[in-house]
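Positions are given from 1 along the sequence. Computed from a predicted structure; not experimentally measured.
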Amino acid sequence: MQLTILGSGDAFSAGGRLNSCYLLESGSARFMVDCGATVLVGLHRAGLTSNDISTIFISHLHGDHFGGLPFFFIDALFPRQRKAPLTLVGPLGLENRFRLACEVFYPRVAATPLAFDLRFIEMETGVARDIDGVSVMPFAADHYAGSASHALRFEHDGKVFTFSGDTSWTPSLIEAAKGADFFLTECYQYDMQLPMHNDYATLEKQHNVIGAKRTMLTHMSDTMLASQHLVDKSRYELAEDGLVVDI
């Protein structure tokens, strides 16, 4: 399994980073996790286009995590003239929010006749699904977004990858990340506890309980980025845009 970080930033692009967007490749499977508003920039930097992605998993319905879908969609429609099916996977309400976002940004574009099949799969918290050969379990995250927010645990080809999404500390992260080969977790602050977001001090307290084989910190604020030198590098890896990681 290989992870390419197309975007590791927060909603405010702290440090000049792109919004949340991650590419996973495992055997014949290739899919994206989150699709922030800067998705096309991240794809171009990686030498990819929207035609190279067949499935996108969305952790929650905030703009820096799903706001790139209208841009991905119009790129697929027009310059790429997409023919291959596209599957969008996320929490309940994904399709309605996608169509609303498209209408706000590009009125009537969502009604354009398609030359490809567009499929929506809306996941319920705690209900595992097998999607395009990838097993995914959505766990409850503590992060208000107008519908459920999820931490996502993926299994494919003998590997387990967990993404926290955005969330304050919640015990469901233990189950989501336990024994994972790789745990990618948001770490918005260094030692300031905020509603809806995690921080390094809290993650440190829970490190042994989580029990993932590797942990990487992402979605860092300016404050957290300024505190990177204080992170225990024997325990944590740090995300950067464009970074490619073998899992």
Side-chain angles (χ1 to χ4, degrees), residues 1-25 29-84 86-90 94 97-107 109-110 112 116 118 145 152 154 161 163-166 182 184-188 197 216-222 224-226 228 237-247:
M1 183 179 286
Q2 186 176 81
L3 166 68
T4 300
I5 299 175
L6 302 177
S8 62
D10 61 2
F12 313 107
S13 294
R17 298 179 176 212
L18 303 183
N19 291 157
S20 181
C21 192
Y22 307 94
L23 175 69
L24 280 167
E25 298 173 277
R30 171 190 273 176
F31 57 94
M32 273 185 3
V33 181
D34 275 356
C35 187
T38 53
V39 57
L40 296 182
V41 180
L43 284 171
H44 284 304
R45 287 181 179 176
L48 301 169
T49 75
S50 56
N51 273 352
D52 294 308
I53 309 300
S54 60
T55 307
I56 304 175
F57 293 88
I58 301 296
S59 64
H60 66 284
L61 301 181
H62 275 159
D64 56 320
H65 293 258
F66 100 108
L69 288 180
F71 301 102
F72 189 101
F73 182 65
I74 63 167
D75 187 67
L77 272 177
F78 302 121
R80 307 303 161 195
Q81 297 186 12
R82 187 184 186 101
K83 300 293 191 297
L86 175 63
T87 302
L88 305 181
V89 187
L94 171 65
R97 291 280 286 275
F98 166 80
R99 296 191 182 282
L100 177 61
C102 285
E103 187 62 24
V104 168
F105 291 140
Y106 301 103
V109 73
T112 304
F116 61 93
L118 178 62
L152 300 171
F154 298 92
F161 172 86
F163 175 52
S164 71
D166 281 4
F182 201 91
L184 180 65
T185 178
E186 77 128 300
C187 184
Y188 189 65
H197 286 289
M216 177 176 279
L217 309 182
T218 191
H219 200 276
M220 294 177 275
S221 66
D222 283 321
M224 181 60 206
L225 289 172
Q228 288 183 83
E237 301 170 53
L238 299 174
E240 294 182 13
D241 290 3
L243 185 65
V244 179
V245 181
D246 289 322
I247 299 174

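Residue pairs meeting the side-chain hydrogen bond (donor to acceptor under 3.5 Å, both in side chains) criterion with at least one partner in residues 39-49, sequence neighbours excluded, do not occur; the list is empty. Listed by first and then second residue, the side-chain hydrogen bond (donor to acceptor under 3.5 Å, both in side chains) pairs that reach into residues 5-21 are Ser8-Arg17, Ser8-Asp241, Ser20-Asp34, Ser20-His65, sequence neighbours excluded. Applying the salt bridge (Lys or Arg N to Asp or Glu O under 4.0 Å) test to pairs two or more places apart or on separate chains, those with a residue in residues 97-107 are Glu95-Arg99.
Scanning all heavy atoms of the two residues, the minimum distance from Ile56 to Cys35 falls at CG2-CB, 4.0 Å. Pairing each heavy atom of Val39 with each of Gly68, the nearest pair is CG1-O, 3.6 Å. The nearest pair of heavy atoms linking Lys83 to Phe116 is O-CB, 3.5 Å. Heavy-atom minimum distance, Ala239 versus Ile5: CB-CD1, 3.7 Å. Residues Leu43 and Ser50 share a closest heavy-atom pair of CD1-N, 4.1 Å. Counting all heavy atoms, side chain and backbone alike, Phe72 lies closest to Leu40 at CA-CD2, 4.2 Å.
Annotation: the span from Leu152 atom CG to Leu184 atom CG amounts to 11.0 Å, rounded to 0.5 Å. In this structure, the separation between CD1 on Ile247 and CD on Gln2 is 9.0 Å, given to the nearest 0.5 Å.
Phe105 meets the ring-ring contact (aromatic ring centres under 6.0 Å, His included) test with Phe71; sequence neighbours excluded. Here Ala11 pairs with Asp64 under the side chain to side chain contact (heavy atoms under 4.5 Å, CB included) rule; sequence neighbours left out. Leu23 meets the side chain to side chain contact (heavy atoms under 4.5 Å, CB included) test with Thr4, Leu6, Glu25, Arg30, Met32, Leu48, Ile53; sequence neighbours excluded. With sequence neighbours excluded, the residues satisfying ring-ring contact (aromatic ring centres under 6.0 Å, His included) with Tyr22 are Phe163. By the ring-ring contact (aromatic ring centres under 6.0 Å, His included) test, Phe98 is found to be paired with Phe73, Phe120, residues two or more places apart in sequence or in another chain being considered. Taking Glu240 as the reference, nothing meets the side chain to side chain donor-acceptor pair (under 3.5 Å) condition, with sequence neighbours excluded. For the side chain to side chain contact (heavy atoms under 4.5 Å, CB included) test, residues two or more places apart in sequence or in another chain that qualify with Ser54 are Arg82. For Gln228, there are no side chain to side chain donor-acceptor pair (under 3.5 Å) partners two or more places apart in sequence or in a different chain. With sequence neighbours left out, Ser221 forms a side chain to side chain donor-acceptor pair (under 3.5 Å) with no residue at all.
Two residues are said to be in side-chain contact when any heavy atoms from C-beta on lie closer than 4.5 Å; Val245 and Leu243 meet this criterion. Inter-residue side-chain proximity for Glu186 and Met220 is flagged as unmet; no heavy-atom pair is nearer than 4.5 Å. When side chains are defined from C-beta on, Val89 counts as touching Thr55, because their heavy atoms get closer than 4.5 Å. Leu3 has its side chain out of reach of Val244: every pair of non-hydrogen atoms, C-beta onward, lies at least 4.5 Å apart. The closest side-chain heavy-atom distance from Leu118 to Leu88 is below 4.5 Å. By the 4.5 Å heavy-atom criterion applied to side chains, Val33 and Ile58 are not counted as neighbours.
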Going through the checks in order, is the side chain to side chain contact (heavy atoms under 4.5 Å, CB included) test met by Met224 and Tyr188? CA-CA 6 Å; Met224 181 60 206; Tyr188 189 65; over 6 Å; no
Please lay out, stage by stage, how Leu24 and Met1 fare under the test side chain to side chain contact (heavy atoms under 4.5 Å, CB included). CA-CA 7 Å; Leu24 280 167; Met1 183 179 286; 4.0 Å; yes
Start with the C-alpha gap between Leu77 and Val109, add the side-chain angles, then the distance that decides, and say whether side chain to side chain contact (heavy atoms under 4.5 Å, CB included) holds. CA-CA 9 Å; Leu77 272 177; Val109 73; 3.8 Å; yes
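The number of heavy-atom neighbours closer than 6.0 Å to CZ of Phe78, taken from other residues, nucleotides and ligands shown, is above 12.
Remark: the His62 side chain and the Asp166 side chain contain no N/O donor-acceptor pair separated by less than 3.5 Å.
Note on ring orientation: taking the six-membered ring where Trp is involved, the planes of Phe154 and Phe57 are perpendicular (angle over 60°, cut-offs 30° and 60°).
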